[in-house]
J.: 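Take a look at the following structure, please.
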Protein chains: 2
Amino acid sequence: MPTIKDVAREAGVSIATVSYVLNKKAVAVSPETRRRVLEAARRIGYRANVTARNLRSSETRLIGYAWYEPPPYDAPFGRLNPILDWFAFYLARSAEQAGYHLLTFTYPPDDPTPTYDELIRTGRVDAFVLTGTVDNDPRVRFLLDQAFPFVSFGRSTEAWDFPWVDTDGRAGVRAGVEYLISLGHRRIAILGWPEDSLSGNFRLAGYCDAMEAAGLPVPDGYVLRGVHTEQAGREAFARWMEMPPHERPTAIVTVSDLMAIGIMNEARRQGVQVGRDLSVIGFDDAPMTEYLQPALTTLQQPIDEIAEALITMLEAILNKEPPAETNVLMPPRLIIRESCVPPPEQALP
Amino acid sequence: MPTIKDVAREAGVSIATVSYVLNKKAVAVSPETRRRVLEAARRIGYRANVTARNLRSSETRLIGYAWYEPPPYDAPFGRLNPILDWFAFYLARSAEQAGYHLLTFTYPPDDPTPTYDELIRTGRVDAFVLTGTVDNDPRVRFLLDQAFPFVSFGRSTEAWDFPWVDTDGRAGVRAGVEYLISLGHRRIAILGWPEDSLSGNFRLAGYCDAMEAAGLPVPDGYVLRGVHTEQAGREAFARWMEMPPHERPTAIVTVSDLMAIGIMNEARRQGVQVGRDLSVIGFDDAPMTEYLQPALTTLQQPIDEIAEALITMLEAILNKEPPAETNVLMPPRLIIRESCVPPPEQALP
DNA sequence: CAGATACATTATATCGGTCGAGCAACTATA
DNA sequence: TATAGTTGCTCGACCGATATAATGTATCTG
């Protein structure tokens with residue numbers, strides 16, 4: 001590969017001049033010299049070596065992004081992560097527009113900090129983007145502690161002040177419930193995540209908002225919680241079916257497509273036809289959900305916009321400018337498909 | 001961050017000695033000095049700066065891996081890429097074990113070479129891993145031309161000699177068809193990809209292998225082709241339903257889960273019950289396919305092993321050792337679920 | 001015409017490592 | 001005892017950029 005020396009020799013100037021011309025800094029260079037340098041650089045196909053540049057400027061122009069460690073390959077429910085693959089794509093693209101690249105790495109799920117620590121100490125990256133943050137997240141704690149630049153897709157412990165962008169699950173679920181209400185539903189139930197799930201609780205709050213605003217009752221048993229599995233969806237549906245017909249929900253909101261699928265599957269097994277007798281809303285717009293029978297109405301996270309907002313935020317931080325905003329909520333998009341219909345005349349069979 | 005100078009000062013030796021100790025090179029260092037250096041490095045938490053090391057050794061320890069450019073976010077069928085997200089994870093993990101990291105980047109789908117060229121010329125990466133290679137792939141051509149190190153998940157033009165690992169789609173589909181034959185099927189059809197698809201043709205060849213080996217006829221109309229959409233699956237099924245009942249296939253093999261879903265959806269629409277009246281096999285084991293009704297029997301690509309094999313290959317290439325093998329086929333795993341059953345007594349309704 | 005000023009360009013230190021060459025001090029050999 | 005070889009460590013070039021300080025040259029001023 002040609003170096004700056006080759007360009008200098010070719011153009012008959014010093015390497016400093018070449019550097020000035022190519023970096024268009026505020027140093028006077030005669031038009032003739034500039035032309036000669038540019039021409040020489042073009043001719044020999046010169047491109048500045050990033051490693052050398054990075055060493056000099058003590059940066060890397062690399063943003064660390066960790067994959068989730070998936071459960072063992074054949075674990076049930078293990079291979080469902082419908083959002084993050086695309087998120088990484090949009091993140092990479094936004095980063096490139098800002099002159100950065102993504103360095104993707106993995107870490108053992110039990111203890112992430114040594115991996116982050118090593119990347120910091122060896123000067124591998126300039127910053128991190130976190131995903132899937134939870135309450136009391138050890139990565140957030142560690143990076144805050146180290147005062148190392150990062151942004152996060154997702155919130156964490158409320159008292160911690162750090163830059164994040166998150167899907168507004170509360171507003172999203174609220175919009176979903178309002179949509180059901182607009183279809184005529186009054187008996188709407190929700191299947192959430194366990195109580196220790198931050199985002200699960202936000203989404204649940206959105207349900208409560210909408211029900212309260214519409215003056216609809218939330219009877220005992222309408223709010224169920226379960227882990228992120230298809231099985232949990234089946235079980236929740238079975239529980240609702242145990243209620244007397246005139247008390248059963250006519251519509252169900254969930255916090256994930258996977259759980260919505262469980263509900264749909266169990267409903268079919270029990271002879272309840274989703275999209276006719278029952279309405280269901282998922283969350284995530286996972287691949288394939290549009291091909292379910294009926295196609296699933298769901299809340300799509302605006303991961304493209306989230307990625308862009310995160311990079312904008314990170315850029316400001318790395319340039320030591322004050323970021324415009326450091327806590328951004330993005331409303332999900334309600335993707336209307338076939339699984340929601342007006343409630344049937346009489347209660348469920 | 002502490003540098004090698006800090007360690008040298010702390011230990012009372014020269015930076016060269018520190019370097020020798022820490023890199024355990026074959027240079028004589030007294031046990032006492034070694035101890036002092038190690039102790040000093042430990043005490044101040046020294047880790048060698050990778051940028052400096054890389055500049056000196058003119059390498060980056062980074063492997064470039066490009067994402068597919070997905071179609072616009074809301075394009076139909078656009079967000080289906082069930083394999084590559086996990087592949088990237090396994091690739092990153094294998095790379096880390098070999099002392100490398102993954103640099104992920106994107107490129108405009110119409111012209112990938114400038115992006116690859118830029119990464120090469122700026123010395124951003126040491127090598128590339130390609131995925132989704134096609135016949136006459138411009139990236140393969142370009143990298144071969146530049147003699148830049150790379151390995152590929154997937155084959156390309158047969159005459160080109162380059163290192164690749166691929167799923168043995170032929171063996172996989174053959175195994176799938178043999179499984180159907182073992183269930184008692186004799187009228188087995190296949191839905192493949194258009195003729196210009198390399199992997200589609202390999203998979204089709206596996207179908208022919210199995211049918212021929214079992215002495216089963218392949219009547220006109222049993223081999224259909226279509227693009228990678230759910231719609232293509234629906235259309236293929238409709239075509240088969242136009243055949244006289246006693247000629248219709250009792251089992252269908254496909255080259256992708258998405259097309260299998262199309263077949264299942266159209267079958268349901270026409271009152272044919274998959275998993276009772278008809279057997280269907282997919283390809284990929286996409287997320288969610290296990291929750292379809294019936295759960296889809298499919299061929300799972302061993303992407304974890306493929307990623308590992310690719311990195312092993314690449315490591316040898318980068319160390320300028322002759323790689324053990326440069327063309328490796330990995331058989332897919334047949335994931336048996338509910339969509340395949342013995343053929344019904346009489347022909348399809 | 002000396003001296004100041006602006007402009008254009010170059011020399012060189014620097015970033016933080018690696019590694020070949022070289023130098024003491026000590027041991028082995030003739 | 002002189003020479004050669006070994007061991008243990010240091011010096012300094014080098015990787016390829018960037019940026020500061022210095023230098024050379026032309027122009028302007030008094």
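Keep in mind that this is a model prediction, so the values were computed, not measured. Convention: sequence-line order gives letters A, B, ...; per-chain numbering from 1. What you see below is based on every heavy atom in this structure, not just the backbone, and it leaves out hydrogens, waters and symmetry mates.
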J.: Would you mind reading off the distance between A:Asn23 atom CG and D:dA17 atom C1', rounded to a whole angstrom?
T.: 9 Å
J.: Using the closest heavy atom to pick a nucleotide of DNA chain C for each, name whichever of B:Ile4 or A:Ile15 lands nearer the 5' end.
T.: A:Ile15
J.: Remember a base hit wins even if backbone is also touched, and classify B:Val50 as base, sugar-phosphate or nothing at under 4.0 Å, heavy atoms.
T.: nothing
J.: Please report the distance, rounded to the nearest Å, between CG in A:Leu22 and P in D:dT18.
T.: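 Atom CG in A:Leu22 sits about 8 Å away from atom P in D:dT18.
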J.: Would you please test A:Arg93 and A:Glu96 for salt bridge (charged side-chain N to carboxylate O under 4.0 Å, His left out) and show each step?
T.: CA-CA 5 Å; A:Arg93 205 176 49 179; A:Glu96 283 159 27; over 6 Å; no
J.: Base, sugar-phosphate, or nothing: which does A:Arg56 touch, judged by heavy atoms less than 4.0 Å apart?
T.: base
J.: With a 4.0 Å cut-off on heavy atoms, is B:Thr3 in touch with a base, just the backbone sugar-phosphate, or nothing at all?
T.: sugar-phosphate
J.: Rounded to whole angstrom units, what separation is found between the CG atom of A:Asn49 and the P atom of D:dC14?
T.: 17 Å
J.: Nearest heavy atom decides the nucleotide; on that basis, is B:Thr17 or B:Ala52 closer to the 5' end of DNA chain C?
T.: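 This one resolves to B:Ala52.
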J.: If you apply the rule side-chain hydrogen bond (donor to acceptor under 3.5 Å, both in side chains), what do you find for B:Asp117 with B:Thr113, and how did you get there?
T.: CA-CA 6 Å; B:Asp117 192 43; B:Thr113 48; over 6 Å; no
J.: Quick one: is B:Ser30 getting a side-chain N or O under 4.0 Å of the D:dC9 phosphate, OP1 or OP2?
T.: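 B:Ser30 to D:dC9 OP1/OP2: side-chain N or O found under 4.0 Å.
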J.: Between A:Lys5 and A:Ala16, who's closer to the 5' end of DNA chain D by nearest nucleotide?
T.: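 Whichever sits nearer the 5' end wins; that is A:Lys5.
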J.: When rounded to the nearest 0.5 angstrom, what distance separates CD1 in B:Ile306 from OG in B:Ser94?
T.: 11.5 Å
J.: Starting at OH of A:Tyr116, measure out to CZ of A:Phe150 and round the result to the nearest 0.5 Å.
T.: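 Nearest 0.5 Å value for the OH-CZ distance: 10.0 Å.
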J.: Across the strands shown, which category fits A:Ala48 at heavy-atom distances under 4.0 angstrom: base, sugar-phosphate, nothing?
T.: sugar-phosphate
J.: Picking from B:Tyr90, B:Phe87, B:Trp164, what satisfies side chain to side chain contact (heavy atoms under 4.5 Å, CB included) with B:Leu310?
T.: B:Phe87
J.: Give me the first and last nucleotide of DNA chain C, going 5' to 3', that has any atom under 4.0 Å from a heavy atom of chain A.
T.: C:dA8 to C:dG16
J.: Tell me: CG of A:Leu55 to P of D:dC14, nearest whole Å?
T.: 17 Å
J.: Base, sugar-phosphate alone, or nothing: which one does B:Thr51 contact when heavy atoms must sit under 4.0 Å apart?
T.: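 If one applies the 4.0 Å heavy-atom cut-off, B:Thr51 turns out to touch nothing in the nucleic acid.
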J.: Can you tell me how far P of D:dC9 sits from OH of B:Tyr20, to the nearest Å?
T.: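 One finds 12 Å between P of D:dC9 and OH of B:Tyr20, rounded.
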J.: Taking the side chain as C-beta and beyond, is there a heavy-atom pair between B:Ile15 and B:Thr3 under 4.5 Å?
T.: no
J.: A side-chain contact here means heavy atoms from C-beta on lying under 4.5 Å apart; do B:Arg141 and B:Asn136 qualify?
T.: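 Answer yes - side chains close enough.
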